[in-house]
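Below is one structure; the comments refer to it alone.
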There are 2 protein chains.
Amino acid sequence: MSAKKLLLIDDDLELTELLKEYLSPQGYELDVAHDGEAGLSLATSNKHYDLILLDVMLPKLDGFEVLKKLRTSHLTPVLMLTAKGDDYDKIFGLEMGADDYLAKPFNHRELSARIKALVRRMALLPSGSVQQNLKLGDVVLSPSAQQVFCADNIVELTGTEYSILHLLMINQGSLVSKQDISEKVLGRKLAAFDRSIDMHVSNLRKKLAVFSPEEKIKTHRGAGYLYVVPA
Amino acid sequence: MSAKKLLLIDDDLELTELLKEYLSPQGYELDVAHDGEAGLSLATSNKHYDLILLDVMLPKLDGFEVLKKLRTSHLTPVLMLTAKGDDYDKIFGLEMGADDYLAKPFNHRELSARIKALVRRMALLPSGSVQQNLKLGDVVLSPSAQQVFCADNIVELTGTEYSILHLLMINQGSLVSKQDISEKVLGRKLAAFDRSIDMHVSNLRKKLAVFSPEEKIKTHRGAGYLYVVPA
DNA sequence: TTATGCATTTACACAAGCTTTACATTCCCT
DNA sequence: AGGGAATGTAAAGCTTGTGTAAATGCATAA
């Protein structure tokens, strides 16, 4: 397990220093931003943080604004911190899409335990479903560009093919039922005798096979499809 | 999106009633258990709760014990509740595998917001990834992939074979009647002279025997089959 | 309008896998 | 022991899901 990357957005220099010293020995890589704008730009950069610690009272862009803008494009987990122990604030933050909320002053060990709990839970998510390039064997899928490369060649996929591949890759090693594919990709229930998904998968396989011989999408008869985790 | 199923384990009758009335209109299905044992048995049943609200002070089995036992087999998210606002308690709970911790008395809206945050986060997990693998001796069964490994080799099973193995492994050490297998796996009553199950078990044994010599599925003549608990 | 690109439906061949048959074997019970 | 019933299993039969080419539909662009 590689070191988890955290981003701390807080303008309190004393606190950020303290937390840096406290969290580093626990095996976290901690970046710090001292205002909302800098924080947001780091958070949306390609550094792909595992967790963001976000203060509410911030210069330039307050915590709620940062959270709101972040959530338009990223699902990175966010733990909010605030000087005010205000219930309303807490509820507002959580409703806006924060994952946890801790009032200052907090017990360092509680912060550490909450970070650990969030990171642990997020580790169950398949790698990269929080929007970064998915690389599996010789296939690379780039969500930002909606492009797929196979053995360094661009693969020209249609929108639906791309979405199906994306879904399967996110769920690498797990079975995805046709029902799920239909609902998530085509936006409709799978009807009896609907062969649409089969066709898209067939075309997808054909296009990938041009550049790479290994079987990537496995069929589970009567159940669905599965993206094979490369050795 | 179907209604989320919550399990509340708390012996405070007044509180459970209150929460039931508070949470139902918000679109949650809430089951209640009033002691640790009942709670654990519901939590590990096949009802598949989306979230468990767990009080610490409980008759029969306290909250920490319930959490500990639950986590040996299930990854269901847990939000702990406690009368004591004790930091040590909080940290202990989170370290044990709880996902969140709220001290009583709490603001109902905060509880609701925290439930929402957890459920929202869990919804990102691909369906089925909360089920954890079943490991018995050198056999590992992965429900999310519907795949089975034996002595580190993938065993290619058909859907029916997989289901039968799953059923037997879940009931390790106890007898499962052919009637039960037929009804749960094939979805029909076992008819006289129906040799279907026998065939599937035979094929299953053959496939497992390729990688491991020990007998895993034992026959109880006239009664059914049993998965042997490994030494 | 006509072209173009993509999603969907149709059609059919094929293969996977569930079930049945048939016979060998094993396990009880007397 | 011997006989009958339950089980093991190979092989055949049959049903159904899947792969895929080709036709169709249906937008949007030229």
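Values below: all heavy atoms of this structure, side chains included; hydrogens, waters and symmetry mates excluded. A, B, ... follow the sequence lines: proteins, then strands. Residue 1 opens every chain. Worth saying up front: this structure is predicted, and the values here are computed from it rather than measured.
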Can you list, pair by pair, the side-chain donor-acceptor contacts under 3.5 Å of residues 189-198 of chain B, counting residues two or more places apart and other chains?
unit_1   : atom_1 : unit_2   : atom_2 : d
B:Asp194 : OD1    : B:Ser196 : N      : 2.9
B:Asp194 : OD2    : B:Arg188 : NH2    : 3.2
B:Asp198 : OD1    : B:Lys178 : NZ     : 3.1
B:Asp198 : OD2    : B:Lys178 : NZ     : 2.8

Listed once per pair and sorted, the salt bridge (charged side-chain N to carboxylate O under 4.0 Å, His left out) pairs that draw on residues 148-170 of chain B, sequence neighbours left out |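 Sorted result for residues 148-170 of chain B: A:Lys218-B:Glu156, B:Glu161-B:Lys207.
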Qualifying salt bridge (charged side-chain N to carboxylate O under 4.0 Å, His left out) pairs, either residue in residues 63-76 of chain B, two or more places apart |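 Qualifying pairs, neighbours excluded: B:Arg71-B:Asp99.
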Walk me through it: do A:Leu79 and A:Ile52 pass the test side chain to side chain contact (heavy atoms under 4.5 Å, CB included)?
-> CA-CA 6 Å; A:Leu79 195 167; A:Ile52 296 172; over 6 Å; no
Shoot me the first and last contacting nucleotide of DNA chain C against chain A, ordered 5' to 3', at under 4.0 angstrom to non-hydrogen atoms.
->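 First-to-last contact on DNA chain C, by the 4.0 Å heavy-atom rule, is C:dC6 to C:dG17.
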Partner set under side-chain hydrogen bond (donor to acceptor under 3.5 Å, both in side chains) for A:Ser212, not counting sequence neighbours |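 Partners of A:Ser212 under the side-chain hydrogen bond (donor to acceptor under 3.5 Å, both in side chains) test: A:Asp138, A:Lys216.
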Please round to the nearest 0.5 Å and tell me the distance separating atom CG of B:Leu141 and atom SG of B:Cys150.
->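 If I round to the nearest 0.5 Å, the distance is 11.5 Å.
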Straight-line distance of A:Thr76 OG1 to A:Leu67 CG, nearest 0.5 Å =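 Rounded to the nearest 0.5 Å, the OG1-CG separation comes out at 10.5 Å.
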Going by the ring-ring contact (aromatic ring centres under 6.0 Å, His included) test, which pairs reach into residues 198-231 of chain A, not counting sequence neighbours?
->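 Checked against ring-ring contact (aromatic ring centres under 6.0 Å, His included) - neighbours excluded - no pair reaches residues 198-231 of chain A.
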Does atom CZ of B:Arg109 have more than 12 heavy-atom neighbours, drawn from other residues, nucleotides or ligands, at distances under 6.0 Å?
->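 Atom CZ in B:Arg109 is not crowded, with 12 or fewer foreign heavy atoms closer than 6.0 Å.
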Residue pair A:Asp31, A:Lys47: steps toward the salt bridge (charged side-chain N to carboxylate O under 4.0 Å, His left out) verdict | CA-CA 10 Å; A:Asp31 286 355; A:Lys47 298 206 68 174; 2.9 Å; yes
End-to-end axis angle, where each axis spans five pairs of the helix from C:dT1-D:dA30 to C:dT30-D:dA1, to 10° |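 Result, rounded to 10 degrees: 30°.
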Output, in order, the C-alpha distance, side-chain angles, deciding distance and verdict of side chain to side chain contact (heavy atoms under 4.5 Å, CB included) for B:Met96 and B:Phe64.
-> CA-CA 8 Å; B:Met96 296 252 316; B:Phe64 293 126; 4.3 Å; yes
So which one's nearest nucleotide on DNA chain D is more toward 5', A:Tyr225 or B:Thr219?
->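 The residue whose closest nucleotide sits nearer the 5' end is B:Thr219.
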With A:Gln146 via side-chain contact (heavy atoms from CB on, under 4.5 Å) - residues at least two apart =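 With neighbours one apart ignored, the set is A:Tyr162.
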With sequence neighbours left out, write down each residue that passes side-chain contact (heavy atoms from CB on, under 4.5 Å) with B:Lys135, or none if nothing qualifies.
->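 For B:Lys135 the side-chain contact (heavy atoms from CB on, under 4.5 Å) partners, ignoring immediate neighbours, are B:Val140.
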side-chain N/O B:Lys178 vs D:dA6 OP1/OP2, d < 4.0 Å |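 For B:Lys178, the contact criterion (side-chain N or O under 4.0 Å from OP1 or OP2 of D:dA6) is not met.
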Protein-nucleotides 25-30 of chain D N/O pairs under 3.5 Å:
none

Go through residues 205-216 of chain B and report each residue with a non-hydrogen atom lying under 4.0 Å from DNA chain D, sorted by number.
->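 Close to the strand are B:Arg205, B:Lys206.
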Residues A:Leu168, A:Leu226; criterion side chain to side chain contact (heavy atoms under 4.5 Å, CB included); working and verdict = CA-CA 6 Å; A:Leu168 290 177; A:Leu226 173 149; over 6 Å; no
Counting only non-hydrogen atoms, which of residues 186-199 of chain B are less than 4.0 Å from DNA chain C?
->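 Correct list: B:Leu186, B:Arg188, B:Asp194, B:Arg195, B:Ser196, B:Met199.
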Let me know the distance between CD1 of B:Ile217 and P of D:dT7, rounded to the nearest Å.
->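 Value for this atom pair: 15 Å.
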Parallel, tilted or perpendicular: which describes the rings of B:Tyr22 and B:His108, with under 30° parallel and over 60° perpendicular?
->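 Tilted: the ring planes of B:Tyr22 and B:His108 meet at 30° to 60°.
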